[in-house]
Amino acid sequence: MRLEKRAQVSQAMLWGSPILAVLLTLVAGALLFVVMGYDPFASLRAFFVSPINSTYGLSELAVKASPLVLIATGLAVGFRAGVWNIGAEGQLTLGAIAGGGVALLFWGMEGPWILPLMCLAAIGGGMAWAAIPAFLRVRLGVSEILVSLMLAYVALLLLSALVYGPWKNPEAFNFPETRVFSDSALLPIILPGTRLHLGVAVTVVVVLLAWFFMTRTLFGYQVRVVGAAPAAARYAGFSRDRMVWISLLASGGLAGLAGLFEVAGPVGGQLLPTISPGYGFTAIIVAFLGRLNPLGILLAGLVVALSYLGGENAQIEVGLPQAVTGVFQGMLLFFLLATDVLVRYRVRFGAPRLAGA
Amino acid sequence: MDPWIAAVVTIIGAATPLLYAALGELVAERSGVLNLGVEGMMLVGAVTGFAVTATTGTAWLGIPAAALAGTLMALLFAVLTLTLLANQVATGLALTIFGIGLSALIGSGFVGRPVPQLPTLPIPILSAIPVLGPILFDHDVLIYLSFVMTALVAWFLARSRAGLVLRAVGENDEAAHGLGHGVVKVRYAAVLFGGLMAGLGGAFLSVSYTPMWIEQMTAGRGWIALALVVFAAWRPWRVLVGAYLFGGVTIFQLQAQGLGLLPVPSQVLSMLPYLATILVLVVSSLGPWRRRLNAPACLGRPFRATR
């Protein structure tokens, strides 16, 4: 068996490969359940069907998908241009700290200006955190991969220091949590009886705007050229440094906003030591699964969000350890990377033809 | 024991997981492959080493099992990037995400279980030498092995013919291929060695340094190891120096937390190793250091034989 380069990228495989990857993940997952001694069909149903067979389940899916999609949309800009921000978890945390800090600053006050101010602070916080790897990359050539990731650990510790320290709720019997924000600082629920909040709607708007910018403007074209053909981009005068700044600030800002949406929404209007089950890291998978295309990311976010819901549900229904979620997410990305080879190569069996060799 | 000697001994312990992981990654990178999955390989090594030691009662089975587990993880990476030509950055990230999940799954039944700590094996006579004895000759088997591996890797890369081929593959894969060297084979071997070493580093954590299993117990050490390779300018002995430097930072912050030396929250002290990593990367890129950087020319570039 050998690989033969296609004359051009296969559009069919470009979109077929994520579907193939999801199917392979399901098969491998069923095998994993058998190995672990669980009924594979009951487990798969508990994982992928029963979490979403109700309106509430579907709304929870959207609530979990929203941060993933928001972050992945930002990351995709950088990934296309060859800028690897893998510290979105840290930028999410800084966004939550900055936005939540504003809410705590105006604690006890009400007004329609509080929530927008929190959003701006959150975007600024995420951007500031992402500006550090951008600056070091542009000025000193330091790997943005390692710096952004190290800062993720620092951000999580910073949140912990605040929640256990100066920002601790004085009336919470020493629990590590802040005060609960005032009502104006909470995201409005858009579907009564669920946790579906305004942030989910904002995410959809952001996706549509990102799609427009990436496919219909000169900027989006530049991003794609810088990633696909750096030499050509230099000739055309597209600045690589500018691309590093833009992609890190965009992804940092969106991750920060996602962090605020979590604390002002599903987390319940307060800062806790843990505010995200690794959305910033999982969004990397979502970005790739969605083909770095905002609309694809929307679909991919729903698929990956199901693995979170499924993990929780399978723990309750069949007693699977919740760590299965991480294994599923890792397998999904592996299968995607493996099937992606078919986008640029054809699999041939037998000896190479002389003409081509 | 003299407190300074005791401090050096604890620093060696804190540095050893980093030393293993960074040495392995160094060899992989010298062959031209960037594997960002070190954290994942270490975690799977740590949980496998712990689980086998806890189940069989002996680390003599647990340690080789950890090395094997790390190697298998690396094989997954090698097949994807070297055979299927997947993007190395993305695949490395996938390996880490998968490793975090898989180790948590394997380890879910082992949280809170004790294992006997790896015994120290003082070397007769030598360990009685003042100062040098306790620093060099009074450790457990994994620490001795880490000394040996550093020397071995340094010798292999600088002096052996196979090491020369490996470096050639990393510096100019087309030329090495033209000379008849199997670029992909060499890279497979280098990546698998990287996995083996990451597995051993993980095992050291879970059976010697802190003999227990906690989810994500590597706490970013795999990523710090990646930074150490850059800091060391891809030279084995400098990896050793860098690892011990980081061991020092780790021990300092633990001591400062324990004794309440500094008027800052413990979380701020815990940030130190991560901030030190960033500092080290910045220093490595500054003026006088920069010229000494010798990143392998083909690092991260996929290779596919066309002729």
Side-chain angles (χ1 to χ4, degrees), chain A residues 3 5 32 36 79 82 84 86 132-133 136 139-143 145-147 149-166 278 281-282 284-285 287-288 320-342 344-345 357, chain B residues 34 36 39-40 76-77 79-81 83-87 89-109 215 219-220 223-224 226-227 230 264-278 280-286 290 293 304 306-307:
Chain A
L3 300 173
K5 196 152 191 151
L32 179 72
M36 290 169 62
F79 290 176
W84 299 95
I86 61 169
I132 301 169
L136 293 178
R139 295 300 293 273
L140 299 171
V142 173
S143 157
I145 299 176
L146 292 172
V147 175
L149 191 91
M150 287 296 123
L151 286 174
Y153 286 100
V154 174
L156 292 169
L157 286 164
L158 180 64
L159 174 66
S160 165
L162 290 170
V163 172
Y164 278 93
F281 297 115
T282 309
I284 297 169
I285 304 176
F288 283 115
L320 278 167
Q322 211 178 338
V324 171
T325 297
V327 177
F328 262 99
Q329 292 173 352
M331 283 199 304
L332 181 57
L333 186 49
F334 272 134
F335 282 123
L336 181 72
L337 292 165
T339 51
D340 262 0
V341 73
L342 300 173
R344 284 180 300 122
Y345 297 92
Chain B
L34 178 67
L36 294 181
E39 182 86 355
L76 207 56
F77 176 87
V79 169
L80 278 165
T81 56
T83 302
L84 297 179
L85 304 170
N87 179 307
V89 173
T91 311
L93 291 174
L95 196 64
T96 288
I97 294 172
F98 179 68
I100 291 172
L102 184 65
S103 60
L105 184 63
I106 296 172
S108 55
E215 267 186 37
W223 296 100
I224 295 177
L226 279 158
V230 179
V264 289
S266 65
Q267 291 94 341
V268 174
L269 291 169
S270 302
M271 290 174 190
L272 283 179
Y274 309 114
L275 294 174
T277 306
I278 296 175
V280 146
L281 288 168
V282 168
V283 170
S284 310
S285 68
L286 289 176
R290 189 171 199 140
L293 286 188
R304 180 168 163 268
T306 43
R307 288 184 305 281

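Chain identifiers are assigned alphabetically (A, B, ...) following the order of the sequence lines, protein sequences preceding nucleic acid strands; residue numbering begins at 1 within each chain.
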message: Could you go through B:Thr91 and B:Leu95, starting from their C-alpha distance and side-chain angles, then the distance that decides it, and tell me whether this counts as side chain to side chain contact (heavy atoms under 4.5 Å, CB included)?
response: CA-CA 6 Å; B:Thr91 311; B:Leu95 196 64; 5.8 Å; no
message: As a quick check of understanding, evaluate side chain to side chain contact (heavy atoms under 4.5 Å, CB included) for A:Leu156 and B:Gln267, giving each step before the final call.
response: CA-CA 9 Å; A:Leu156 292 169; B:Gln267 291 94 341; over 6 Å; no
- request: Run the numbers on A:Val154 and B:Leu275 for side chain to side chain contact (heavy atoms under 4.5 Å, CB included), then give the verdict.
  value: CA-CA 8 Å; A:Val154 174; B:Leu275 294 174; 3.9 Å; yes
message: One pair to check against side chain to side chain contact (heavy atoms under 4.5 Å, CB included): B:Phe98 and B:Leu76. What are the steps and the verdict?
response: CA-CA 11 Å; B:Phe98 179 68; B:Leu76 207 56; 4.0 Å; yes
Validation: residues 329-339 of chain A side-chain donor-acceptor distances under 3.5 Å, sequence neighbours left out:
from, atom 1, to, atom 2, distance (Å)
A:Gln329, OE1, A:Thr282, OG1, 3.4
A:Gln329, NE2, A:Ser307, OG, 3.0
A:Thr339, OG1, A:Ser17, O, 3.4
A:Thr339, OG1, A:Ser17, OG, 3.3
A:Thr339, OG1, A:Phe335, O, 2.9
A:Thr339, OG1, A:Leu336, O, 3.2

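Contact of B:Thr83 with chain A is made through the backbone alone, with heavy-atom distances under 4.5 Å. Heavy-atom distances place no part of A:Phe79 under 4.5 Å from chain B, backbone and side chain included. Heavy atoms of A:Tyr164 lying under 4.5 Å from chain B belong exclusively to its side chain. Of the atoms belonging to A:Val142, it is side-chain heavy atoms, and not backbone ones, that fall under 4.5 Å from chain B. When heavy atoms are compared at a cutoff of 4.5 Å, A:Ile285 approaches chain B solely by way of its side chain, counted from C-beta outward. Proximity to chain A involves both the backbone and the side chain of B:Val282, based on heavy atoms less than 4.5 angstrom apart. Looking at A:Leu32, only its side chain comes within 4.5 Å of chain B, counting heavy atoms on both sides. For B:Leu36, the part sitting under 4.5 Å from any heavy atom of chain A is the side chain, from C-beta outward, and nothing else.
Considering only heavy-atom pairs separated by less than 4.5 Å from chain B, the leading option among A:Leu151, A:Asp340, A:Ile86 is A:Ile86. When each of B:Pro265, B:Ala86, B:Ser270 is checked for heavy-atom pairs under 4.5 Å with chain A, B:Ser270 comes out on top. Looking only at heavy-atom pairs under 4.5 Å with chain B, the residue among A:Ala152, A:Ser143, A:Pro321, A:Ser160 that has the most is A:Ser160. The greatest number of non-hydrogen atom pairs below 4.5 Å with chain B, out of A:Ile284, A:Val147, A:Leu320, A:Leu342, is found for A:Val147. Chain A forms more heavy-atom pairs under 4.5 Å with one residue of B:Val79, B:Leu281, B:Leu93, B:Val89 than with any other, namely B:Val89.
For B:Trp223, there are no ring pair (Phe, Tyr, Trp, His ring centres under 6.0 Å) partners, not counting sequence neighbours.
Here the side chain of B:Ser103 pairs a donor or acceptor atom with the backbone of B:Ile100 at under 3.5 angstrom.
Contact of the A:Leu157 side chain with the B:Val268 side chain is not registered, since no non-hydrogen atoms from C-beta on lie closer than 4.5 Å. Counting heavy atoms from C-beta on, the side chains of B:Leu226 and B:Glu39 never come closer than 4.5 Å.
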